[in-house]
Amino acid sequence: MNRIVNIMKMKKITYKLFMITSLILLSFAVLIYLTLYFFLPTFYEQYKTNQLQSGIEEIIHKSKNLTLTNAIPLFDDYIKNNNAFIYLQTKEGTIIYSPNFLMQGISQSSNAITKAAFIQNETPRNAYFVTLPIQFLDEGNLTVTVMATFQPIDEASQVLVRFLPFISIIVVVIGLGSAYLYSRFITKPLIYINEGAQKMANLDFSENIVVRSNDELEELSNSLNEMSNNLQRTMIDLQKANEQLKDDIERERKIETKRREFFATVAHELKTPLTVMKGYLEGMIYNIGPYQNRDLYLEKNHKIIERMEQLVREILSMSKLEQDTFKLELEEVNLLELLDTITKDLGYFASQKDIQIITQISPYMDVDTDRDLLEKALKNIIHNAITYSPQGEKVFIEVTELSKESQIEIKVINTGVNIKEEEIQQLFEPFYRIEKSRNRNTGGSGLGLYIVKQIFESLSVTYSITDIENGVQFLVHIPCFVDKRK
């Protein structure tokens, strides 16, 4: 379809250019013909008159130093070159020189006068006729008469009129043919450029426009190619930006969905203990049944408040890590000292379940990190290992250096428990707990590992949980900013 439209456009512009060029050529041909017909005779007459006049004046000037006999060759050359008629006569009118008269031997004064009068009376209108004084060394004051006809130019004009049909045919054939070839020559690159521009308009940048003419058309094609390249790059950038925008929008939607779920879960986590506390308090206020033992239920309320306080602290910690203004406070941390502090803090919980904590840590292993964040993350991991291990099991803590990978590996293993593979992927989601009843006596708030995830991402630490034989293994790899003191 586009090809047909382009052909129609090509025919249209070619037809216009052909008609304009043909009219210009024909107009110039007619103008030249009319100029020749009307102005050539006048121009020729003026030119011939000036030539005859200058020639006779030159002869008059030279004759002052010549005799009549010596001057005759000058007159003969003048007559021959200008197709003119000349005769010399005295004051009395006697012709003393005329080429025709001398050849015929006419020397009678009466005959010469009669001939001169005849010539003067028979002179045509479009002719040159002049009489001037002339002197020779051997003759006194004479007059020279010159006459030349312009008849040949009139004949040429008549021939030009008769030749007009043939000239017209030649002019029309050559003019129209030249106009057609010229219009095709000019419009061909224009149509080619137009086709390329149409492809660009349809966002097809597969081909460049190539015109080798060293003129404005080549500059135009180069400009279109440059525009095409710029437009193509812009389209690619816009496409990438659009894809990025779609990804950002999708990510924002997911974040917003998770945020709503998070707040709904937080509301639920707070609403449940508040409802329990309200029931305890109402029972104590109205002295209903067992609630008359106020000391017991005040202690239960106090424990609920402590758990709620812990939940609020965890939410605040999580919110702090999500803020863009959050900055790490890096310092040199000795892992042996850090883990020794953590195990001592958690020793009470381990002893309650008769769980043994076994550590294997090099004393000279330091890292550059945020001490408080790393301590919080490792404490959550070890606390979870203790909490979810059965009575009398073991928790192993091992720290080794991976020299080839420039990392320090922290391995925490708790025995006597296993986790399904599909549940491992969800452990780092907020408020997710393997124990579905969400009983506070059997587990925490479900934010512990989610906070661990946020901390490790802030510290550029990689981590993983795997289910091993008779236990669960938590691996942590910290970038090796190590200072060994051996």
Side-chain angles (χ1 to χ4, degrees), residues 199-206 225-271 311-330 367-370 372-378 380-381 384 405-407 419-434 438 444-466 474-481:
K199 291 182 179 179
M200 294 177 188
N202 295 327
L203 303 181
D204 181 3
F205 309 110
S206 58
N225 290 332
E226 184 176 358
M227 181 185 71
S228 172
N229 294 333
N230 293 336
L231 184 59
Q232 187 175 9
R233 285 194 294 269
T234 303
M235 291 293 294
I236 293 173
D237 293 340
L238 286 175
Q239 188 175 3
K240 290 181 179 178
N242 187 43
E243 293 296 329
Q244 183 64 39
L245 181 60
K246 288 181 179 179
D247 293 340
D248 292 342
I249 292 174
E250 186 63 27
R251 185 166 58 253
E252 287 295 328
R253 287 176 179 172
K254 291 180 179 179
I255 292 174
E256 184 62 25
T257 301
K258 289 182 178 180
R259 194 184 304 275
R260 290 196 187 99
E261 293 175 353
F262 175 79
F263 282 118
T265 307
V266 169
H268 175 74
E269 292 290 329
L270 293 176
K271 181 180 178 180
L311 175 63
V312 171
R313 282 198 298 267
E314 289 177 346
I315 293 173
L316 290 175
S317 298
M318 182 179 61
S319 176
K320 180 181 178 181
L321 291 172
E322 288 179 343
Q323 293 178 2
D324 296 333
T325 56
F326 174 74
K327 293 183 179 179
L328 298 174
E329 296 181 2
L330 300 178
V367 294
D368 237 1
T369 188
D370 189 306
D372 293 338
L373 291 181
L374 183 61
E375 180 179 359
K376 186 176 185 64
L378 293 177
N380 280 349
I381 294 170
N384 279 354
E405 301 177 11
S406 299
Q407 291 180 339
I419 303 175
K420 296 178 181 180
E421 182 66 28
E422 59 270 16
E423 291 181 333
I424 289 177
Q425 304 300 325
Q426 304 180 58
L427 287 176
F428 295 96
E429 296 296 324
F431 297 107
Y432 180 80
R433 288 178 56 186
I434 296 177
R438 307 194 66 83
S445 64
L447 289 175
L449 289 181
Y450 180 66
I451 294 175
V452 169
K453 170 187 175 182
Q454 288 187 307
I455 291 174
F456 283 164
E457 288 178 354
S458 299
L459 299 177
S460 300
V461 172
T462 58
Y463 58 93
S464 64
I465 294 180
T466 54
F474 200 119
L475 282 180
V476 178
H477 293 94
I478 303 176
C480 190
F481 308 109

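Every heavy atom of this structure was used, including side-chain atoms; hydrogens, water molecules and symmetry mates were not.
Just one residue in the list Asp368, Thr369, Val461, Leu459 forms a side-chain contact (heavy atoms from CB on, under 4.5 Å) with Ile478, and that residue is Val461.
Residues Glu329 and Asp370 come closest through the heavy atom pair N-OD2, 2.9 Å. Of all non-hydrogen atoms in Leu328 and Ser458, the two that sit nearest each other are CD1-O, 3.4 Å.
For the salt bridge (Lys or Arg N to Asp or Glu O under 4.0 Å) test, residues two or more places apart in sequence or in another chain that qualify with Asp248 are Arg251. By the side-chain contact (heavy atoms from CB on, under 4.5 Å) test, Lys240 pairs with Ile236, sequence neighbours left out.
One distance of note links CG of Leu245 with CG of Leu238; it measures 11.5 Å at 0.5 Å rounding. Taking CZ from Phe474 and CG from Leu378, the interatomic distance works out to 9.0 Å, rounded to the nearest 0.5 Å. Rounding to the nearest 0.5 angstrom, the gap separating the OH atom in Tyr463 from the CG atom in Leu449 is 9.5 Å. A distance of 15.0 Å separates NZ of Lys453 from CG of Asn380, quoted to the nearest 0.5 Å.
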### Test log, rule side chain to side chain contact (heavy atoms under 4.5 Å, CB included), inputs Asn384 and Val452
CA-CA 11 Å; Asn384 279 354; Val452 169; over 6 Å; no
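Within 6.0 Å of CD in Glu250 there are more than 12 heavy atoms belonging to other residues, nucleotides or ligands.
At a threshold of 4.5 Å between non-hydrogen side-chain atoms, the residues Leu374 and Phe456 count as touching.
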